[in-house]
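Read the structure below first, then the notes.
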Amino acid sequence: MKRETFSSGLAVFFATLGSAVGLGNIWKFPYLTGQYGGGAFLAVYFLCILFVGLPIMVSEFYIGRKTRKNAVGALEELKPGTSWKYIGIMGALSSYLIMFFYSCVAGWVYFYLFKAIKGDFAGITMANAQSQFGDVIMGPVSPIIWQFIVMGVVATILAMGVKDGIEKITKTLMPLLFVLIIICDIRALTLPGAGEGINFLLQVDFSKLTAAAVLTALGLAFFKLSLGMGTMITYGSYFTADNNLFGTAAKVALSDTLVSLLAGIAIFPTVFSFGLEPSAGPGLLFMTIPLVFSQIPFGNVLLVAFFFLTSIAATTAMLSLVEVPLAYFTEERGVARPKAAIINAAVIAIIGILATLSVDKSSLLGSYTFLGRGFFDWFDYISSNVLLPVGGLLIAIFIGYRVKKEDLKRELSNHGRLHIDSILNVYYFILRYVTPALLLIVFLNSVGILKF
Ligand code: PHE
């Protein structure tokens, strides 16, 4: 059977952006920025995108498109019989860990969409917004049902294939997401007290930057750009032969960061305008957005649209998360695509219950913690702050020190058709020296070996 590819440059861009844009922008980015003090955190985050995220993204595209294989098969093809393929295996593992809690939050988003359609948020107050969020996440049965619905949708789209599933969905819905977020921003910016929220985002106060904040910014950069776990290897393997890999990486990183900022602009003015705490944590999005829309004409229609599009963002990101093990099982183990899609989704939904039930701290599972974290937080912490950066470091070392520069040049220039000499040199230098050094410093610091 012929291996599928995306059908055009535009399809490549929207599918890849569909992977990058997700709950990371709309849910995680605002609440982490809130918790770690705003602008200073943001500044470190931008540096991580530039010096760590972009070079690793290009490297993953290279591995994928050169070999046209899943993450495990790709590394095995480049260095047969070595341990490098474990980068791919570790990637599949990270993908499961992320999906366990991601599918839970996506379930809350679908549930919010349903509630918005029913009109549950009409004329709500702040206290009401908080209690509704509590009801949604505590369940205990309904969030599990929504988590299963989410996984059903993901499995269905994936079973339709790369072109008819992933490409069609992302190309239709990503542009809409932009329009909607901008409408939310206009509303948020016209709230009384909006300026305070914007100041919070832009104020750079480096005294708030703890080592934990730096590690979190780095982890967020990986999580945001879907790096360090083979997603971009897998998607890269579906890219068209004439795609400019540097160009795609730059466009995707830029657009993704723009969406994060637009989400921040929608959320922080509301936070300040309604006197919420910017450091409210994972519930931030769910408590602010219904308030933004509660008092304007057609607010409910906008609210439905917003949660619809957040559902889309979450769903398109999950497609890419599950595609990593899915491509592995279909190509390396010969499992039929629909079957692999269903089995993976089912396993994720079932184990994901642990994350969903651990949110209610008064429940049996929720009160169980290990070193201060419950299941939800551990899945999140180990994947974002440990596995993705370690995966990224290994990819940087692999490409920087185990692949010949001529080979990189040939693939990245599309066999000489693009003139990339100067950008290649900058990329190669950063990838060999800057990226690994930054990653090592942050790691050694986070485990306490290096103190600054
Ligand atoms: N980038 C996605 C987001 O920000 C999450 C993701 C992580 C997707 C890793 C794929 C791989 O929501």
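Every number for a ligand or one of its atoms is a count from 1 in the order of the listing.
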* Asked: Does the separation of the ring centres of Phe246 and Phe61 fall below 6.0 angstrom?
  -> no
* Asked: Is it the side chain, the backbone, both or neither of Ala20 that has a heavy atom closer than 4.0 Å to ligand 1?
  -> backbone
* Asked: Looking at ligand 1, does any of its N/O atoms fall within less than 3.5 Å of an N/O of Gly24?
  -> yes
* Structure fact -> Any heavy atom of Met229 under 4.0 Å from ligand 1? The part involved is side chain
* Taking atom 12 (O) of ligand 1 as the point of reference, which of Tyr102, Phe223, Tyr235, Phe29 owns the nearest heavy atom? -> Tyr102
* **Option with minimal heavy-atom separation from atom 4 (O) of ligand 1, where the choices are Met99, Lys224, Met318, Lys28** => Lys224
* Asked: Any idea how Phe121 and Tyr112 line up, ring-wise: parallel (<30°), tilted (30 to 60°), or perpendicular (>60°)?
  -> parallel
* Qualifying residue, where the test is side-chain contact (heavy atoms from CB on, under 4.5 Å) with Ser358 and the options are Phe375, Trp378, Phe379, Phe101 -> Phe375
* Asked: Is the Trp108 ring parallel, tilted or perpendicular to the Phe376 ring (thresholds 30°, 60°)?
  -> parallel
* Is there a nitrogen or oxygen of Ser19 sitting under 3.5 Å from a nitrogen or oxygen of ligand 1? -> yes
* To do: Classify the angle between the aromatic ring planes of Phe307 and Phe286 as parallel (below 30°), tilted (30 to 60°) or perpendicular (above 60°).
  => parallel
* To do: Please identify each residue that fulfils side-chain hydrogen bond (donor to acceptor under 3.5 Å, both in side chains) with Tyr381, with sequence neighbours left out.
  => none
* Geometric N/O contact Ala317 with ligand 1, under 3.5 angstrom -> no
